[in-house]
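If you read the sequence from its start, that first residue is 1, and numbering goes on from there.
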Amino acid sequence: MMKRTYIAEPFRIKSVEPIKMTTKAERKKLIKEADYNLFALDSEAVYIDLLTDSGTGAMSLHQWAGVMEGDEAYAGARGYRKLIKNAKEIFGFEFIQPVHQGRAAEKVLLPILLKEGKFAISNMHFDTTRAHVEIAGARAIDCVVPEALDTTSKFDFKGNMDNARLEQYISELGKENIGVIIITVTNNSAGGQPVSMQNIRETHAIARKNGIPVLIDAARCFENAFFIKEREAEFHKKSLKDIVVEMFSYGDFFTMSAKKDAIVNMGGLLGARDKKVFEVIKQRCISFEGFVTYGGLSGRDLEALAIGLFEGIDEDFLRYRVGQMQYIGAKLEEAGVAYQSPAGGHAIFVDAQKMLPHIPYNEFPAQSLAVELYIEAGIRGCDIGSYMLGNNPDTLEQLKADFEFTRLAVPRRVYTQAHLDVIVDALIEIKKRASKIKGYKIIEEPPILRHFSAKLAPL
Ligand code: F0G
């Protein structure tokens with residue numbers, strides 16, 4: 001069996017944040033009051049918060065010092081110049097615009113590329129990306145490799161685009177109707193799974209042949225680069241920076257939620273190569289986000305991000321970071337708890353359908369497991385399955401997701417090995433009583449991104 005020792009932290013702790021402890025009886029009451037929606041819990045009610053790895057990382061002393069250095073000028077702030085210099089060096093893009101987070105970049109960019117009747121094809125759209133494709137009037141098509149669908153198959157690059165299917169879609173729908181091809185690195189919705197350089201090259205070649213622009217959704221591009229270095233022979237000896245530059249060389253645009261791999265609490269980037277399109281981006285940014293030199297961020301945020309980019313791409317950090325997921329993964333495997341394996345970069349995606357085979361997709365097994373984890377140990381994860389996917393925008397019928405995952409996303413530089421053991425132990429306990437766990441029904445839901453605010457009731 002795969003044995004994995006914990007890779008010790010390449011940092012020490014200088015400031016701590018106490019966490020409130022709760023009892024099981026208290027948690028049962030709290031989750032009922034939250035209508036079984038984990039987004040409705042107060043964070044003080046949570047012991048280990050794995051809702052997201054986005055904006056929840058711990059900043060370094062260098063970043064906090066940068067916060068103090070922040071230049072809050074409305075125009076021409078020092079931090080803006082520093083950020084653009086660092087971002088250009090790392091991504092090799094000519095034009096880069098800061099924005100306040102990933103979805104802001106999507107809101108600014110996607111309506112330039114998409115409109116009614118058009119399609120976006122991606123290895124997998126993240127939910128806000130899908131939402132912005134739909135808000136622009138277009139439709140989003142997911143096109144991940146079939147290996148991703150079997151959570152137990154050991155495939156190194158389960159995040160890959162199914163390039164044969166991509167070509168088929170292009171010929172069926174007409175290349176003039178595909179507004180953009182989106183490569184999401186890592187592929188969050190498929191389990192934080194990496195996309196290989198080989199695959200990115202092929203996707204790019206198909207896009208070029210058909211005259212379709214490529215957008216890199218770069219939220220976790222450093223974790224992706226680390227996997228490429230470890231798993232693709234050609235890159236074993238390359239620096240992560242060289243790998244990132246090559247990855248980005250295949251994109252015409254990139255959007256980045258910097259709240260993940262750049263280890264900041266708020267921030268995003270939008271990159272373009274075409275000067276004319278970048279002029280449009282800047283104008284839209286001024287309307288939606290703020291003037292170009294702050295892009296919806298405080299000056300202090302620009303500083304923290306400029307520094308975080310280099311901390312996030314550090315190889316020792318990434319080895320420890322990805323190692324945390326591999327540590328949890330190895331323990332779950334030993335215990336016979338199914339998850340999207342091999343472990344991805346930012347989270348463990350527990351296969352809730354395998355844990356709760358008696359709960360059908362429209363009773364939301366992954367949401368059910370997320371609620372149980374909260375009750376069991378105060379752990380907050382979330383559903384990445386049919387509950388999150390929502391309804392067909394045309395027929396309003398509940399969609400069936402390819403996966404029913406309970407995602408346990410690990411914030412960067414926040415939790416210790418002992419916290420990870422609590423997660424594993426809780427899952428083992430729940431597995432013992434799995435057959436008694438029930439599904440949920442939705443009693444109230446908004447039309448878009450419903451999982452954030454829907455109310456549920458146990459069946
Ligand atoms: N793209 C991907 C792949 C993401 O994972 C996210 C956010 C976004 C875009 C949007 O970025 O939140 O800064 O607006 N993912 C978070 C998550 C929320 O929990 O996976 P944002």
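Nearest approach of Phe253 to Pro213, heavy atoms of both residues: CE1-CB, 4.1 Å. Pro194 approaches Asn224 most closely through the heavy-atom pair CA-OD1, 3.2 Å. Of all non-hydrogen atoms in Ile200 and Tyr250, the two that sit nearest each other are CG2-CD1, 3.6 Å. Looking at every heavy atom in both residues, Leu38 comes nearest to Gly381 through CD1-O, 3.7 Å. Shown here for Ala401 and Ser386, the closest heavy-atom pair between the two residues is N-OG, 3.0 Å. Listed here is the closest heavy atom pair of Val144 and Ala190: CG2-CB, 4.4 Å.
Listed for the Asn392 side chain is no donor-acceptor partner under 3.5 Å among the backbone atoms of Glu397. A donor-acceptor pair is defined here as one N or O able to donate and one able to accept, closer than 3.5 Å; no such pair exists between the side chain of Lys118 and the backbone of Ala136. The closest donor-acceptor contact from the side chain of Ser341 to the backbone of Ala343 lies at 3.5 Å or more, if one exists at all. Asn187 contributes no side-chain N or O that, together with a main-chain N or O of Gly192, makes up a donor-acceptor pair within less than 3.5 Å. The backbone N or O of Val292 sits less than 3.5 Å from a side-chain atom of Gln97, completing a donor-acceptor pair. Checking side-chain atoms of His236 against main-chain N and O of Lys229 turns up a donor-acceptor pair under 3.5 Å. Although no hydrogens or angles enter the test, the distance criterion places a donor-acceptor pair under 3.5 Å between the side chain of Asn123 and the main chain of Gly159. Side chain of Arg284 to backbone of Leu109: no donor-acceptor contact under 3.5 angstrom is found. Looking at Arg380, its side chain never comes within 3.5 Å of a backbone N or O of Leu50 through a donor-acceptor pair. Remark: side-chain polar atoms of His358 are paired, donor with acceptor, to backbone N or O of Ile437 under 3.5 angstrom.
Taking CD1 of Ile281 as the start and CD1 of Ile96 as the end, the distance is 11.0 Å to the nearest 0.5 Å. Annotation: the span from Thr184 atom OG1 to Ile216 atom CD1 amounts to 10.0 Å, rounded to 0.5 Å. The NZ atom of Lys432 sits 7.5 Å away from atom CD1 of Ile428, with the distance rounded to the nearest 0.5 Å. Annotation: the span from Glu223 atom CD to Met325 atom CE amounts to 7.0 Å, rounded to 0.5 Å. Within the model, atoms OG of Ser196 and CE of Met161 stand 11.5 Å from one another, a figure rounded to the nearest 0.5 Å. To the nearest 0.5 Å, atom CG of residue Leu113 and atom CD1 of residue Ile212 are 11.5 Å apart.
Stacking of Lys400 on the aromatic ring of Tyr361 is recorded, both the 6.0 Å distance cut-off and the 45° axial limit being met. A cation-pi contact, defined as under 6.0 Å to the ring centre and within 45° of the axis, links Lys107 to Phe288.
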Worksheet item: Given His346 and Asp261, is the side chain to side chain donor-acceptor pair (under 3.5 Å) satisfied, shown in steps?
Response: CA-CA 9 Å; His346 69 291; Asp261 274 8; over 6 Å; no
Worksheet item: Can you check ring-ring contact (aromatic ring centres under 6.0 Å, His included) on Tyr440 and Phe364, steps first, answer last?
Response: CA-CA 6 Å; Tyr440 285 81; Phe364 314 124; 8.6 Å; no
Practice prompt. For the pair Glu246 and Phe235, evaluate side chain to side chain contact (heavy atoms under 4.5 Å, CB included) and give the outcome as yes or no after the intermediate values.
Written response: CA-CA 11 Å; Glu246 179 174 344; Phe235 295 96; 3.6 Å; yes
Item to complete: For the pair Phe452 and Asn37, evaluate side chain to side chain contact (heavy atoms under 4.5 Å, CB included) and give the outcome as yes or no after the intermediate values.
Response: CA-CA 8 Å; Phe452 291 124; Asn37 185 331; 5.9 Å; no
Worksheet item: Are Asp351 and Met355 close enough, and set up right, to give a side chain to side chain contact (heavy atoms under 4.5 Å, CB included), and what steps lead you there?
Response: CA-CA 7 Å; Asp351 187 335; Met355 173 94 87; over 6 Å; no
Item to complete: List the steps, then state whether salt bridge (charged side-chain N to carboxylate O under 4.0 Å, His left out) holds for Arg201 with Glu234.
Response: CA-CA 14 Å; Arg201 285 175 184 153; Glu234 183 188 341; 2.8 Å; yes
Practice prompt. Determine, step by step, whether Lys154 and Glu333 satisfy the salt bridge (charged side-chain N to carboxylate O under 4.0 Å, His left out) criterion, reporting the C-alpha distance in whole Å, the side-chain angles of both residues, the deciding distance to 0.1 Å, and the verdict.
Written response: CA-CA 12 Å; Lys154 300 281 186 231; Glu333 199 142 323; 3.3 Å; yes
Worksheet entry | Chi angles and distances behind the salt bridge (charged side-chain N to carboxylate O under 4.0 Å, His left out) call for Lys275, Glu94 | CA-CA 9 Å; Lys275 194 161 192 288; Glu94 183 122 4; over 6 Å; no
Practice prompt. Report the C-alpha separation of Tyr294 and Glu289 in whole Å, then their side-chain angles, then the decisive distance to 0.1 Å, and conclude whether the side chain to side chain donor-acceptor pair (under 3.5 Å) test is met.
Written response: CA-CA 8 Å; Tyr294 73 89; Glu289 286 289 281; over 6 Å; no
Worksheet item: Is there a side chain to side chain contact (heavy atoms under 4.5 Å, CB included) between Val410 and Asp53 once you walk through the steps?
Response: CA-CA 5 Å; Val410 180; Asp53 63 319; over 6 Å; no
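For Phe254 and Phe93, the distance between ring centers is under 6.0 angstrom. Between Tyr339 and Phe349, the distance separating the two ring centers is not shorter than 6.0 angstrom.
In summary, Arg139 and Asp394 engage in a salt bridge, as defined by a charged side-chain N under 4.0 Å from a carboxylate O. Salt bridge Arg319/Asp316: present, at least one basic N to carboxylate O contact under 4.0 Å. Using a 4.0 Å cut-off between a side-chain N of Lys or Arg and a carboxylate O of Asp or Glu, Lys241 and Glu315 do not qualify as a salt bridge. Using a 4.0 Å cut-off between a side-chain N of Lys or Arg and a carboxylate O of Asp or Glu, Lys282 and Glu279 qualify as a salt bridge. Using a cutoff of 4.0 Å between basic side-chain nitrogens and carboxylate oxygens, Asp301 and Lys259 are not scored as salt-bridged. A salt bridge between Arg433 and Glu429 is absent, with no side-chain N of the basic residue lying under 4.0 Å from a carboxylate O of the acidic one.
Between Phe39 and His451, the angle of the ring planes goes over 60°, which puts this pair in the perpendicular group of the 30/60° scheme.
Listed by first then second residue, pairs satisfying ring-ring contact (aromatic ring centres under 6.0 Å, His included) with a partner in residues 106-147 number zero, not counting sequence neighbours.
Side-chain contact annotation: Gln198 with Glu202, donor-acceptor N/O pair under 3.5 Å present. Donor-acceptor pairing under 3.5 Å is lacking for the side chains of Ser368 and Glu363.
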Donor-acceptor contacts, no H, no angles, side chain residues 263-271, under 3.5 Å, sequence neighbours left out:
residue : atom : partner : partner atom : Å
Asn265  : ND2  : Gly55   : O            : 2.9
Asn265  : ND2  : Gly57   : O            : 3.4

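Ser189 places none of its side-chain heavy atoms less than 4.5 Å from the side chain of Arg407.
Remark: Asp217 pairs with no residue by the salt bridge (Lys or Arg N to Asp or Glu O under 4.0 Å) rule, at least two apart or across chains.
For the side chain to side chain donor-acceptor pair (under 3.5 Å) test with Lys158, the passing option among Gln193, Gln340, Glu147 is Gln340; the others fail.
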